[in-house]
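A note on names: the letters A, B, ... follow the listed sequences, proteins ahead of strands, and every chain is numbered from 1.
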Amino acid sequence: MALNFKQETFRDDYSYSNSAHAIRRFPFPFAEDQYMYSVNIEPHTKGEPGSVYEFPFDIDEHYVAECLDKEITLMQDPGRYHALPHMMDAQWDFLELTMTALANDYPEHFSLSRNGQTWTWDNKPLGVCDTFTFGDSSTLVREPFDYIGRQVQGDFVLLDQRDGTLYADAGIVTSQADWSLAFNVGMSWKEWHGPVPRATEIGVMDRALKYLLNLQLANPVRRLNWTMTVNPRLDTSPENYPYWGGDRNKVNTDNVGDLVNLRVELQSLFRLPRSNAIVFSIRCYLMSLKDVTSYPRWAKRLHRVQKTMHPDLIEYKGMTKFHPIVVDWLSKFDDGAELGIGTHPE
Amino acid sequence: MNMIDVKVAAIKQVTPLIKHFTFVKEDGSELPSFSGGSHIVVALDADGRTYRNPYSLMGSPTETDAYHISVRRQENSRGGSAFMHENVSVGMTLKITHPVNLFTLAKMAHKHILIAGGIGITPFMSQIEDLKRLGVEYELHYAFRSYAQAAFVDELKKSCGSSLYCYGDSDGERLDMQGLLSWQPLGTHVYVCGPSPMVVSVIETARNLGWPEHSIHNEQFLSPPVGEPFKVQLAKSEIEVEVPAEMSMLEAIEAAGVKAEYLCRGGVCGRCELGVLEHDGGLEHHDHFLTESEKASCRKIMPCVSRSKGKRLLLDL
Amino acid sequence: MERGYWIKSKPVYTSLVWHEKATSHLVLATGIGGMAVLKLFQQMHPRQPVTVLYARYAQMDADYSETLKKVVPENLYIFKFEEALLASLKEILPDTRMGLRLYVAGSEGFIWDVAGVAKQFGIDDAEIMKELTDTLARSVYCVHCKSVTRNVTTNIVPCCGCERMLFVRDHFSRNLGAYMGLMVDAESPGELPAIEEIYP
């Protein structure tokens, strides 16, 4: 089924919106009334047709607009892409993984033809068509990871595995929830997750690391993470914090439903074959609180989760200023009815 | 775990004790790419049980039309290597896992010293292909009993040229470990795969010379040792499993139909770790994964290679 | 700060102790860090060759060069400033071999400058023994304009590049050798918390 790509923006006038279809397939992350940080990793296996889990890399109606936003961010700040020299094998691994998946899963929009090492990549929605030699960076306009990273929704970090840990040694990061690639590049797993509160104490990060070190080819895994963002802004980077931080003051009882967005990251991890590196894919989904209330079950669940949230986590996720307004607004939608376990909308 | 169906395309007797097997996909399609030092686990059904043995992938990681492994017939084999030698024939189909790499090259090293003893040469066969492709400085030091019994010497000479150093024990050629490791430039990493005394010797020599831990790498797959029989009770599955002398605990658990996690099946990766709830007489740890204090606590065990010293274990599975 | 809350990216520094196993030792120090070198030689004179590079001037004035000359038997090189010491380090490292152990004593800025040089020769910072002497002053990386402001002793500091007021976070990048600085008043322009000297 061909996708209908929307024209919209993730900055300035924020014309981004979700269709009814996009709302229904939104990866709502709360299966229970209480939230606590946990490993919550599961196999990234094929999900139901139409769901965000149908394919390894989800392409949706926001694809073209999101890639355009990515271009703007990278043009303004080339430091959002960084790859240490020893990651070149991993770069080609990443290119192969994503091109193969997109061409296979969305044949109306993408095609890849391979003739030995000579590959031709045709990206119809973005109007890109290039022939290059696999393994030879000089035949592409940019480094392979940079080249294809711009043509897939989401952020990507390539993790090198050595000395019993993982190092974030390359990344293309333009839609992050407040962390800096330029600052974090080259960090080990523990350094990178240094600022996560509480979680480290209960050993969540150690367990997740142990699990990922044994991640196998052809057996990717995924988890959901979430936060809330004022305005549907992809680039909530620390780099540009001076430009978006002030938006947190703008939330009030009248506009909270439109202004505050539930921001869900579908994080998936794939072992790469030639480099033995891991690609950490962070795919961001945004939905206004008003859209969340399209489904009463989600509105009730979100209210309960937010009401019982630990203050440290509220602070860590940068929601302190507007969180009480969110809880108060959501309370109107919660009649206290029992919901049962599960993230389904109805 | 996703397994791959392969067909045995060729078998070659390399030395009196070593056979080289070539596997291809049944439908002729390509196998997954892999990185130098990777291994696969080959599943074999024989005598009413399933053997799962890890073997290093040889050959170039970029040539994926076939996988290559070499199997040395082990004395006192519990069946795996003997079965590979006697019962596997061209045209047979087998199941293998996707490649796993627990013996990776350090990508940031400035120079690599590879030290192989006997059949320990196999993981280096794919690593040298990666090193050559990347144009990194390396030396391969290959020690064996005699030139007559050594596998792949001619092949290696051709592919490594002056980077290959051979040591035939019967010709009185010895590798001077101390000399080799005392005069390496900063940023060198050393890798060893071979018989246990050799591995220990390389590690000890490098440590004593002040090489940092992270620059010393070894692969030492263990075959599950033969031991005394014992009983395992599985707390969650609520069943009891007999572990015979020549079977590993993991194999016995699998044979009883209980799904258990595993990856390397050689005591290295830690994936099959199980909690020990009760024991009567201690644990016989053979793995390289648990720390000494974890081993002493008797609360965790690697069922792929470790056993009970007593008659009975209660596991959290 | 919350008690028991420890940011794991923040380096841990120790007192210098000789590595028992080594083929040679290279000790680097500035200013008051000379005392750490003297303490090392109090432990023992190692059997293996030792080289000491010392720069006299650092943040805190404390010149140990005369005492070092008496204690360090040979291969002591004294410089005026850190820059000359680092230049000399770059010349020494290509001729050294695996088994060399590195020891550094000085300010955090100096320690990570040394680690940066060593990295080019394949030495991981985890292999270097580091003692923080001298000042606690931090290098601060401005996440907005990417400038590094050095010798920061306060919780909040104006960026030397973009002049924004930066809050000095406890998040450290070994790659940059600096702590993260984040605009402190982005959400409420002009409202600054009290500026205090906490890294003297």
Select, from B/Pro185, B/Ala109, B/Ala106, the one with the greatest count of heavy-atom pairs under 4.5 Å involving chain C. B/Pro185
B/Met108 atom CE: more than 12 heavy-atom contacts under 6.0 Å: yes
Contact origin within B/Ser215 toward chain C - heavy atom pairs under 4.5 Å: side chain
Counting C-beta onward and ignoring hydrogens, is there a side-chain heavy-atom pair between C/Glu127 and B/Glu213 closer than 4.5 Å? no
Mind checking the CG-CG spacing from C/Leu100 to B/Leu186? Nearest 0.5 Å is all I need. 6.0 Å
Exceeds 12 heavy-atom contacts within 6.0 angstrom, atom CD of C/Gln120: yes
Can you measure from CD (B/Gln184) to CZ (C/Arg97) and round to the nearest 0.5 angstrom? 8.0 Å
So which part of B/His189 gets closer than 4.5 Å to some heavy atom of chain C, the side chain, the backbone, both or neither? neither
Consider side-chain contact (heavy atoms from CB on, under 4.5 Å). Of B/Val190, B/Leu181, B/Thr188, B/Leu209, which one does C/Met98 pass it with? B/Thr188
